[in-house]
Amino acid sequence: MRILVCADIHMGRKPELAQSGHAAWGAIIQKAIELAVDVVALSGDVVEHERTWLSVYGPLLSGLEKLKNAGIHVVGVGGNHDWSVFPRLAEDSDAIKILGLKGTWESYNIQDVRFIGWSFPHSHVDNSPLDSFDSSLVDPSHLSLGLLHADFGQRTSSYAPIDEYALLHTGIPLWMLGHIHKGGSVSGSTAYYCGSPFALDVQETGAHGVYLLETEQGRTWKEPLFIPICPYRYEICKVNITGIQDLESLRRAVTQSVRAYIDQLSPSGTVAVSLVYTGYLHPSLDLHQVFSFESGDSELLFQEQDLEVLLLNRQEDATELEVDLDQLAKGNGPQALLARMLGDSKALEQLGATYQRLEAESFNTRGFNLLHRTSLSHEEAVNRGKRAALQLLRAMEIQRREHGA
């Protein structure tokens with residue numbers, strides 16, 4: 001049996017570089033028919049949320065019918081985004097079998113494979129669905145495949161936290177998971193995150209696609225095969241600017257670094273690149289003036305044959321200021337004070353604690369209190385505080401040199 005597995009399509013959410021909010025669904029259907037698979041399996045978050053249901057209802061149903069007419073079964077589980085619409089989908093279409101509605105475990109046989117899955121009964125589930133796993137669903141006469149939308153390896157989470165040991169000791173030889181948008185084997189185990197078939201934002205770097213599963217004489221699973229289907233990808237390129245003193249040289253360094261990075265990937269389609277500047281920044285350079293981005297949030301960097309490389313208006317400054325902190329710290333005034341602080345580990349620890357407190361307090365403001373909180377580690381808070389101090393020192397040093405002080 002051949003099975004095409006995917007998750008986190010998020011129909012209704014339009015990625016910046018995709019043609020529509022359901023372009024990935026069309027690409028999945030096309031690939032399933034092209035490969036003549038027996039089953040398409042969906043591991044949750046097929047739609048973005050209930051508010052987008054009307055816009056994706058037609059394309060979703062027509063796609064299911066197209067797969068049905070091609071003789072391809074569709075089986076899936078509901079994730080935290082589509083928990084409320086999947087029960088309706090199950091009623092409206094006989095072209096899909098949704099497992100485990102209302103938070104129960106359920107099995108479904110197609111030929112020699114038994115699909116076992118659980119669906120979100122609500123948008124948030126704090127307990128592990130494995131706590132209620134029914135081991136009797138595992139049938140030795142069938143090769144099992146587990147489908148689950150969950151937060152793997154987490155003790156606490158609002159999105160169905162599952163323990164690695166518990167998952168890998170269910171008796172199911174292969175699990176295909178949804179929720180995390182980066183695909184691949186988790187902890188080198190027999191559980192795989194499908195990843196999002198199309199990259200949904202600039203944070204989802206690398207190739208995106210689906211997995212092809214094949215049984216071996218109905219007894220074991222072959223190694224899951226990743227198949228890229230996304231016509232674009234996001235990447236992050238580091239540019240070392242040590243020794244560069246003028247903007248034109250810096251622009252050339254960016255182009256050369258990006259081209260060398262792209263050559264290693266050998267991609268096709270569109271590649272959208274964010275920059276991270278590293279090394280030592282000369283005080284005369286202003287990184288904000290490297291590219292103007294007059295046409296919008298991206299600019300065409302180069303194009304050749306079937307490849308288009310875009311430069312995104314996302315530039316991270318990870319450089320160090322080209323200045324002798326020790327010498328600067330010997331002087332007087334605010335620059336010397338700041339330089340001494342940057343060389344004092346205790347002062348940096350205190351700065352990090354302050355940054356961490358302010359970051360936590362920001363969630364209490366009206367504009368941020370609805371966001372999902374992620375606690376900033378103390379180490380990261382120290383790094384961010386140090387980065388802010390260096391940026392301030394850089395601005396002060398540039399101002400001093402401009403005025404010849």
Side-chain angles (χ1 to χ4, degrees), residues 5-11 13 24 41-50 75-86 98-106 115-135 137 144-201 203-206 208-211 224 226 363 370-377 380:
V5 192
C6 57
D8 297 286
I9 306 171
H10 290 273
M11 294 177 66
R13 175 179 170 185
L42 307 171
S43 292
D45 280 2
V46 174
V47 302
E48 175 66 4
H49 46 60
E50 187 173 12
V75 61
V77 294
N80 56 291
H81 276 255
D82 43 28
W83 68 275
S84 64
V85 300
F86 260 32
I98 300 174
L99 301 175
L101 291 174
K102 299 182 180 180
T104 60
W105 285 95
E106 186 180 2
F115 296 84
I116 300 176
W118 173 97
S119 292
F120 267 71
H122 309 288
S123 60
H124 294 82
V125 174
D126 298 329
N127 300 322
S128 171
L130 295 176
D131 292 343
S132 61
F133 180 75
D134 184 359
S135 58
L137 294 176
S144 296
L145 174 65
L147 301 177
L148 187 61
H149 197 88
D151 215 346
F152 180 88
Q154 300 297 319
R155 292 184 178 180
T156 59
S157 170
S158 296
Y159 304 104
I162 53 174
D163 177 74
E164 178 179 357
Y165 180 87
L167 184 75
L168 300 182
H169 287 79
T170 54
I172 297 177
L174 179 62
W175 284 91
M176 298 304 294
L177 309 175
H179 186 57
I180 302 300
H181 293 187
K182 183 175 178 59
S185 173
V186 286
S187 302
S189 67
T190 54
Y192 286 74
Y193 268 115
C194 299
S196 49
F198 274 25
L200 296 172
D201 58 52
Q203 304 298 329
E204 298 184 14
T205 57
H208 285 255
V210 295
Y211 276 92
F226 174 73
F363 282 100
L370 295 179
L371 294 178
H372 178 65
R373 296 190 182 210
T374 55
S375 57
L376 187 67
S377 69
E380 180 62 21

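Atoms considered below: every heavy atom in the structure, side chains included; atoms not considered: hydrogens, waters and symmetry mates. Starting from 1, each residue takes its place in the sequence as its number.
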Flag, side chain of [X] to backbone of [Y], donor-acceptor distance under 3.5 Å:
{"X": "Ser189", "Y": "Ala191", "value": "yes"}
{"X": "Trp118", "Y": "Gly103", "value": "yes"}
{"X": "Ser43", "Y": "Met176", "value": "yes"}

With rounding to the nearest 0.5 Å, note down the distance linking [atom1] in [X] to [atom2] in [Y].
{"X": "Leu168", "Y": "Leu174", "atom1": "CG", "atom2": "CG", "result": "10.5 Å"}
{"X": "Phe86", "Y": "His81", "atom1": "CZ", "atom2": "NE2", "result": "12.5 Å"}
{"X": "Ser119", "Y": "Lys102", "atom1": "OG", "atom2": "NZ", "result": "12.0 Å"}
{"X": "Met11", "Y": "Phe198", "atom1": "CE", "atom2": "CZ", "result": "11.5 Å"}
{"X": "Gln154", "Y": "Glu164", "atom1": "CD", "atom2": "CD", "result": "11.5 Å"}
{"X": "Glu106", "Y": "Asp134", "atom1": "CD", "atom2": "CG", "result": "11.5 Å"}

Heavy atoms only: give me the nearest [X]-[Y] pair and the separation to one decimal.
{"X": "Leu167", "Y": "Leu148", "value": "CD1-CD2, 4.4 Å"}
{"X": "Pro173", "Y": "Thr190", "value": "O-CB, 3.3 Å"}
{"X": "Trp105", "Y": "Ser132", "value": "CD1-O, 3.3 Å"}
{"X": "Ala24", "Y": "Pro197", "value": "CB-CG, 4.0 Å"}
{"X": "Ile172", "Y": "Trp175", "value": "CD1-CZ2, 3.3 Å"}
{"X": "Asp82", "Y": "Gly44", "value": "OD2-C, 3.9 Å"}

Legend entry - Aromatic centroids of His149 and His179 separated by under 6.0 Å: yes

Heavy-atom check, side chain of [X] versus side chain of [Y], under 4.5 Å:
{"X": "Ser157", "Y": "Asp126", "value": "no"}
{"X": "Ile162", "Y": "Pro129", "value": "yes"}
{"X": "Cys194", "Y": "Asp8", "value": "no"}
{"X": "Asp163", "Y": "Leu130", "value": "no"}

Inset, instruction - Count the heavy atoms of every other residue, nucleotide or ligand shown that sit under 6.0 Å from NE2 of His124, and state whether that count exceeds 12. - result: yes

Inset, instruction - On the 0 to 90° scale, with breaks at 30° and 60°, tag the Phe152-Tyr193 ring pair as parallel, tilted or perpendicular. - result: perpendicular

Inset, instruction - Walk me through it: do Ser196 and Glu204 pass the test side chain to side chain donor-acceptor pair (under 3.5 Å)? - result: CA-CA 8 Å; Ser196 49; Glu204 298 184 14; 2.6 Å; yes

Legend entry - Short N-O contact, Arg13 and Asp45, less than 4.0 angstrom: no

